[in-house]
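Here's the structure, in structure tokens; my notes come after.
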Amino acid sequence: MADPEYRRDLYRGAAADYDRFRVPYPPALIGDLLARTGVRGGGRLLDLACGTGQIAFAMRKAFAEVWAVDQEPDMVAFARAKAAGGIRCVAAAAEEVDLPDAALDLVAIGNAFHRLRRDAVAGRVFRWLRPGGCLALLWSDAPHLGDAPWQRALAATFDRWTPPGRVPQGWDEPQRARPDVEVLRAAGFVAEGRHSFPTPHRWTIEGLTGFAYSMSGLSRAALGEHAARFERELADTLRGHALDQTIDFAYELARKPVPPLQ
Ligand SMILES: C[S@@+](CC[C@H](N)C(=O)[O-])C[C@H]1O[C@@H](n2cnc3c(N)ncnc32)[C@H](O)[C@@H]1O
């Protein structure tokens, strides 16, 4: 089953909401990932499909050089302005960006691998990594995907307002049929496990509205003139609920093997 094709402009105009309202990866996850990869204050990180640089900024101090690549120019411009020169930000698709072989110590892809042509990108990342280097796929649960009554109500509101066609039909089926770890193994990686960091979070109505605007299906651009009505309905839906979620932050780690000495 082929990976789904997404439009390339789904996050247009969403960078400021994305940067402000996405809950950051917890420091415990970042520290654990750095420890497992063996990074010690040198080397080169690539934050691929970086958005506004959620991983790049969290890890920049641990690397001599940080590169951040995203196909959406708005996202890259936002990250570049925030980095003020400290991060090399490039607007390009993961499937097309031109990077040197064996130049990277860690490639991290946050909440985005399902949007990429997974086999092609895993193969490219394998080439870009030095032997012993790592690929990490970071994930976090979205607030509307749980079973609490407010989460079900939120999911129903999101469904009602997402314009048709923005999210490809059956977008999650290829990943379910062939899990990421199989894709990584097929590219030559050795899988080193999934590491989970459940983190309690209390949302506010403002936070969930901002989260909605950070999504590809419900950005201010996607909602257009309907945004004000959407906000009112969302507030009516959520008022009176304790908006508590334990967000499952996790990463899947894979390593490029070091060839045996001859
Ligand atoms: C949900 S956001 C994730 C942003 C950030 N990595 C994070 O962890 O929060 C998905 C990002 O993937 C980017 N993206 C989607 N397809 C891409 C591709 N083929 N090449 C590069 N970036 C891509 C989008 O532009 C968007 O910024």
Side-chain angles (χ1 to χ4, degrees), residues 2-27 29-30 33 45-60 66-83 87-99 106-125 128 135-145 158 162 166-168 171-172 174-175 180 183 197 199 201 210-219 221-222 247-252:
D3 288 338
E5 285 284 332
Y6 288 82
R7 269 172 47 181
R8 286 180 165 221
D9 64 348
L10 286 170
Y11 288 92
R12 189 190 298 155
D17 288 311
Y18 201 98
D19 200 62
R20 177 161 172 215
F21 291 108
R22 290 285 170 140
V23 182
Y25 296 106
L29 181 154
I30 299 294
L33 172 53
L45 164 72
L46 168 64
D47 180 357
L48 187 58
C50 64
T52 57
Q54 280 61 32
I55 299 170
F57 286 97
M59 291 197 164
R60 69 194 294 192
V66 178
W67 299 354
V69 171
D70 196 284
Q71 72 179 2
E72 299 232 9
D74 282 6
M75 290 293 209
V76 174
F78 197 99
R80 188 179 288 130
K82 216 169 75 165
I87 295 174
R88 185 168 144 194
C89 301
V90 179
E95 294 82 353
E96 292 161 13
V97 64
D98 190 16
L99 297 175
L106 173 62
V107 177
I109 303 176
N111 279 321
F113 195 50
H114 60 297
R115 294 178 178 273
L116 311 181
R117 274 185 260 135
R118 293 181 299 161
D119 285 289
V121 172
R124 306 191 90 218
V125 170
W128 300 333
L135 168 60
L137 307 179
L138 280 67
W139 300 103
S140 56
D141 284 344
H144 57 295
L145 299 180
F158 282 4
T162 301
R166 284 190 74 90
V167 180
W171 63 271
D172 56 348
Q175 208 178 23
D180 294 335
V183 175
F197 296 81
T199 304
H201 182 74
F211 183 92
Y213 287 147
S214 80
M215 292 168 71
S216 58
L218 285 166
S219 65
I247 303 177
D248 187 20
F249 288 95
Y251 71 89
E252 186 89 54

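First listed ligand is number 1; within each ligand, the first listed atom is number 1.
Distances shorter than 4.0 angstrom occur between a heavy atom of N111 and an atom of ligand 1. Judged by the shortest distance from any of its heavy atoms, S214 lies outside the 4.0 Å radius around the atoms of ligand 1. Within the structure, the closest approach of Y6 to ligand 1 does not fall below 4.0 Å when heavy atoms are considered.
Inclusion of D70 in the set of residues having an N or O under 3.5 Å from an N or O of ligand 1 is warranted. No N or O atom of L116 sits closer than 3.5 Å to an N or O atom of ligand 1. Between E95 and ligand 1, a contact under 3.5 Å exists for at least one N or O pair. An N or O contact shorter than 3.5 Å links A49 to ligand 1 by distance. Where the criterion is an N or O separation shorter than 3.5 Å, residue side chain and backbone included, G110 meets it with respect to ligand 1.
Side-chain atoms of R12 do not come within 3.5 Å of backbone N or O of D74 as any donor-acceptor pair. A donor-acceptor pair is defined here as one N or O able to donate and one able to accept, closer than 3.5 Å; such a pair exists between the side chain of E95 and the backbone of R117.
Among protein heavy atoms, the minimum distance from atom 20 (N) of ligand 1 is reached at A94 N, 2.8 Å. Protein heavy atom closest to atom 8 (O) of ligand 1, with residue, atom name and distance, is Y25 OH, 2.5 Å. When hydrogens are left out, the protein atom nearest atom 2 (S) of ligand 1 is Y18 OH, 3.3 Å; that is the closest non-hydrogen contact. Nearest protein heavy-atom contact of atom 5 (C) of ligand 1 is C50 O, 3.5 Å. The protein non-hydrogen atom at the shortest distance from atom 23 (C) of ligand 1 is Q71 CG, 3.7 Å.
With sequence neighbours excluded, the residues forming a side chain to side chain donor-acceptor pair (under 3.5 Å) with R7 are D9, listed by chain and number.
Note: F211 and H144 have tilted aromatic rings, judged against thresholds of 30 and 60 degrees for the angle between ring planes. Classification of the W139-H114 ring pair by plane angle, with boundaries at 30° and 60°, yields tilted.
Within ligand 1, counting atoms from 1 as listed, the ones closer than 4.0 Å to a heavy atom of M75 are 27 (O). Which parts of ligand 1 touch A92 is read off a 4.0 Å heavy-atom cut-off, strictly below it: atoms 21 (C).
The shortest distance between side-chain heavy atoms of R124 and V97 falls below 4.5 Å. At a threshold of 4.5 Å between non-hydrogen side-chain atoms, the residues L10 and E72 count as touching.
Of the residues D17, V167, T162, the one that meets the side chain to side chain contact (heavy atoms under 4.5 Å, CB included) test with L218 is T162. Of the options L135, D47, L138, a side chain to side chain contact (heavy atoms under 4.5 Å, CB included) to I109 is made by L135 and by none of the others.
Checked for salt-bridge contact, R118 and E252 miss the test: no charged N lies under 4.0 Å from a carboxylate O.
Contacts of S216 with ligand 1, taken as heavy-atom pairs under 4.0 Å, are absent altogether.
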